[in-house]
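Not measured: the values here are computed from a predicted model. Residue numbers begin at 1 in each chain, while the letters A, B, ... track the order of the sequences.
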Amino acid sequence: MTKGDSRAPPTTTLRLTINGKVTEVPRAPDRKLLEVLRIELGLTGAKYGCGEGECAACTVLLDEVPVLACQTPIGQAEGRKVTTVEGLAVHGRLNPAQRAFAELGAFQCGYCTPGMVVGATALLRSNPHPSEEQIREALNGHLCRCGGYTRILRAVRRAAEASGDAP
Amino acid sequence: MKEGRPRRPWERTDPAEREYFDLLGDGLVVQLLARPQGISPGGGWSPPVGGAWLHLGADGAIEAFTGKVEVGQGTRTALSLAVAEELKIPLDRVVLHMGDTDLCPWDMGTFGSRSMPDALPPLRAVAAGARQTLVDLAAARRGVDRKSLEAGDGEVRTRGETTGITYAELVRGLRQVVTVGLDTPVISASSWVQAGHPTVDPRDEDVVTGRRIYTSDLHRPGMLYGALLFPPSYGARLLSADTTEVGRREGITVVRDGDFLGVVARNPREAHRAVAQIRAEWKAVPQPSEAEIEGYLRSHPSQGEGWDLEKRTVGDAEGNLRKSPIRVEETYRTAYLAHTPLETRAAVAEWEGERLSVWVGTQTPFRARKYVAEGLRIPEEDVRVRVPATGGGFGGKHGGDVALAAARLAKAVGKPVQLTFHREEEFRHGYFRPMAIIDVRAGADREGHLVAWTFHNVNAGAAALLPPYRIPHQMVDNVLSDSPLPQGPYRSLAAVANNFARESVVDELAALSGRDPLSFREQNLGDDRLLDVLHLAVEKSGWKDWVPAKGRGHGLAIGHEKQGRLATVAEVTVDARRKVRVDRLVSVFEAGAVVHPENLRSQVEGAAVMALGGALFEAIHFDGGMILNPRLSEYRVPRFSDLPRIEAHLLDRKDLPPAGGGETPLIAVAPAIGNALFDATGVRLRSLPLVPEGTVPRPGGRRSPKRHP
């Protein structure tokens, strides 16, 4: 029985709140949040892109802070609210960042989009009216190999205009 | 459509035997079989090439089928839009099945900007044929002349009236197949009301909610995860591998078949960890270093199976070069590049008895099927390749290597297996854009006319090899090499390298002959469509209003390829420490009639960014058959911080057939930037990447050797 084996009877579990739902997963120090979300919980919105925190395709929110799920030990999520891209829309209503990305077609292959949208959401919540420079800085960790940055910038600006003060 | 699969792939089944209606339900099928139906000389059913079919269901469902795939280039929406246009229905009523080898027409693959030229005409024809058949059905039902009826909003109605009979109602109880040809009359581009106009597919909402399922997101009941043992360097052979300890571990299955060695585990982390713990001995083979690579490629010619060769000899290039008063003789180079799609290679394989289904992010599903079937020694008909949403391809996802490996692992454990490459595996065990070495000698007369041109490309390929300029004396060719690094297709392939060399040399000649880059090109161009995009780029960029300033430069470049025409203007700043910033890129692209303008503009914008990476800093480094920068922290791709102001303009030519737009928008970016850097500094850079360290060397100084990260 190896450490971190998902099927092993857990000696201890830890409690996570993901998109408002409480769930228990085995406590394993070497397991990353991304693996738990994608493999154990079937929340595949956050993507694997590099495994070293260079692409931000795995971005989720811990409380209101965007983190790289591929670098986040599962224990760090304990007692905090995890929000994945699947949890951004409320009752099927897209949040302003999601709506702006969809309306402007601010994606091509779409693989970076969940991380990008989560990152943009965090930015707009902490800074509802970011300058272009602030958007570039906040999202600089996010790679889009399709090169869709021009349209993504436009989408975040539109989301800021649309969201007013209540994203 | 119902779950299940045909007895045999439809494209391998005589059309009369296809069980369209058993799977799709009652209704009308309109099919286009581009190759004449019949039995091939070899005895088997000869697969139609470039065909399409479409089903109108009695339940109102409208499903179209194409062998092309969607890897981010936006053709799913563009092709659906063309079907919606012909059928006069909203875009989101069209369900387009792409790249499913059991259901879709055979197709060579999604590359070479072929999706619009290959798939659009057949899809338009079957949709138009369906519309005509629906009108016929309504006319028969009402006992009126078909001319008194028209289709609109999913109904057939009497002209001028607002309600009629729905398509679903018209095909109720039918099981009818209609075969049409490519000559079926379609709605002309100038009359389009949906296609050619800005459109959003509401179904794309699943991208922003995280619900879109990519191959690496797929889960099948009982699915396990695989990982493979790879050689540490190119060409290395496995001498021995001790798997006894790893194989004893619970939940780990070792799968070995000759040199193929993989493991299956309950999650990807355990699988990769188990592979890392296999004690393997390898025999490496000598490989040239980066410093030796140019000599190696020049001295190792190859037949290069599957690669294009081109040669043009006109007049006496050698003799006229000698006589030209203005001459340039230079060698241009481009580095090996990695595609780096954000989704790495991935496949999920599942066996049902002797029949295999494999979901894989591939640009060539039918070639992947063949590869998998041959690898497993099973009939192709028993392999179904399906292509889910795919996180980028850029030419890097041809073939079926990962599909075959997943199938072997799944076979061994008797359960579905997902195999997703780690990023480092994607770098090390894919293939690269070929390095290019291009020897150019060009001459002009004192009036600025191009006179003589020799252009010799080593290794990179023939794309965009031929000049669009009127040059009386030419000797143009390419040769292929036995590359020590695996190389293959890449978005726009050699067109970037060839166009970089050509458009830089043209700039050099313009400067030497004392002419400005614009009038020199105008004077020598032999292509009106290129002149049109050039003039629009000049206008949109404000080229003629440029005010020279210290440390600033602007450059332009043009190019044509795959029936598309591109002009790009670049503006750069080089600061006091020689650091380069690209401030602005303005591209004008013409690709015939535009089907999906917002998507095409998005492609042009994205292409500018991808091309910017290869122009400024992207390069694969290697030694001893090993990749030295196989991580995103070491192989730099463009980020927001690199982003210039990008302006993409389309020249819509409704009188010309739509051409593909995924590739050509890259090809003028590097030379435009190189020309702008020359304008700013007087230094001519002749290798891509232009500024791997971010700075332009001092005039006369040599660029520092490439530094490995």
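In this structure, B:Arg269 and A:Lys32 have side chains that are not in contact, with every pair of non-hydrogen atoms separated by 4.5 Å or more. With contacts defined as side-chain heavy-atom distances shorter than 4.5 Å, the pair A:Tyr149/B:Ile646 does not qualify. Residues A:Ile39 and B:Tyr225 are in side-chain contact: their nearest non-hydrogen atoms beyond the backbone lie under 4.5 Å apart. Using a 4.5 Å heavy-atom cutoff, the side chains of B:Thr209 and A:Val117 are not in contact. Side-chain contact between A:Asp30 and B:Arg273 is present, with at least one heavy-atom pair separated by less than 4.5 Å. In this structure, A:Cys146 and B:Gln603 have side chains that are not in contact, with every pair of non-hydrogen atoms separated by 4.5 Å or more. Residues B:Glu343 and A:Lys47 fail the side-chain proximity criterion, which asks for heavy atoms closer than 4.5 Å.
The two atoms that bring B:Leu342 and A:Cys55 nearest to each other are CD1-CB, 3.9 Å, heavy atoms only. The minimum heavy-atom distance linking A:Arg38 with B:Ser216 is given by the pair NH2-O, 2.7 Å. Residue B:Phe640 comes nearest to A:Leu139 through the heavy atom pair CD1-O, 3.3 Å, listed as atom of the first residue, atom of the second, then distance. Closest heavy-atom contact between B:Leu632 and A:Cys50: CD1-CB, 3.5 Å.
Between the side chain of B:Arg639 and the backbone N or O of A:Leu143, no donor-acceptor pair lies under 3.5 Å. Without hydrogens or angle criteria, A:Arg151 side chain to B:Glu605 main chain gives no donor-acceptor distance under 3.5 Å. In terms of modelled atom types and a separation under 3.5 Å, the side chain of A:Arg145 and the main chain of B:His339 share a donor-acceptor contact. Without hydrogens or angle criteria, A:Gln108 side chain to B:Ser602 main chain gives a donor-acceptor distance under 3.5 Å. Within the 3.5 Å criterion, the main-chain N or O of B:Ser641 finds no donor-acceptor partner in the side chain of A:Arg136.
If you tally non-hydrogen atom pairs under 4.5 Å between each of A:Gly53, A:Gly110, A:Gly45 and chain B, the highest count goes to A:Gly110. Ranking A:Pro114, A:Ala102, A:Gly49 against chain B, the residue ahead of the rest is A:Gly49, based on heavy-atom pairs under 4.5 Å. Each of A:Ile152, A:Leu94, A:Leu88 has some count of heavy-atom pairs under 4.5 Å with chain B, and the biggest count is that of A:Leu94. Heavy-atom pairs under 4.5 Å with chain A were tallied for B:Thr77, B:Asp204, B:Val207, B:Val609; the largest tally goes to B:Val207. Highest contact tally toward chain B, considering only A:Ile135, A:Leu43, A:Thr150, is held by A:Thr150 [criterion: heavy-atom pairs under 4.5 Å]. When each of B:Arg645, B:Arg631, B:Gln73 is checked for heavy-atom pairs under 4.5 Å with chain A, B:Arg631 comes out on top.
Both the backbone and the side chain of B:Arg601 come within contact range of chain A, with heavy atoms under 4.5 Å apart. Neither the backbone nor the side chain of B:Phe427 comes within less than 4.5 Å of any heavy atom in chain A. Only the side chain of B:Ile213 has a heavy atom closer than 4.5 Å to any heavy atom of chain A. Contact of A:Glu137 with chain B is not made at all, since no heavy-atom distance falls under 4.5 Å. Within the 4.5 angstrom heavy-atom criterion, only side-chain atoms of B:Pro268, from C-beta onward, approach chain A. Only the backbone of B:Val71 comes within contact range of chain A, with at least one heavy atom under 4.5 Å from a heavy atom of that chain.
B:Arg212 CZ to A:Thr113 OG1: the interatomic distance, rounded to the nearest 0.5 Å, is 8.5 Å.
Donor-acceptor pairing under 3.5 Å is recorded for the side chains of A:Glu52 and B:Ser633.
For B:Glu245, the CD atom sits in a loose shell: 12 or fewer heavy atoms of surrounding residues, nucleotides or ligands are nearer than 6.0 Å.
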Quiz item: What do the steps show when you test B:Val208 against A:Arg99 for side-chain contact (heavy atoms from CB on, under 4.5 Å), and what is the final call?
Solution: CA-CA 8 Å; B:Val208 300; A:Arg99 200 158 48 240; over 6 Å; no
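Classified by interplanar angle (parallel below 30°, tilted 30° to 60°, perpendicular above 60°), the ring pair B:Tyr214/A:Tyr111 is perpendicular.
Separation of the A:Tyr48 and B:His422 ring centroids falls under the 6.0 Å cut-off.
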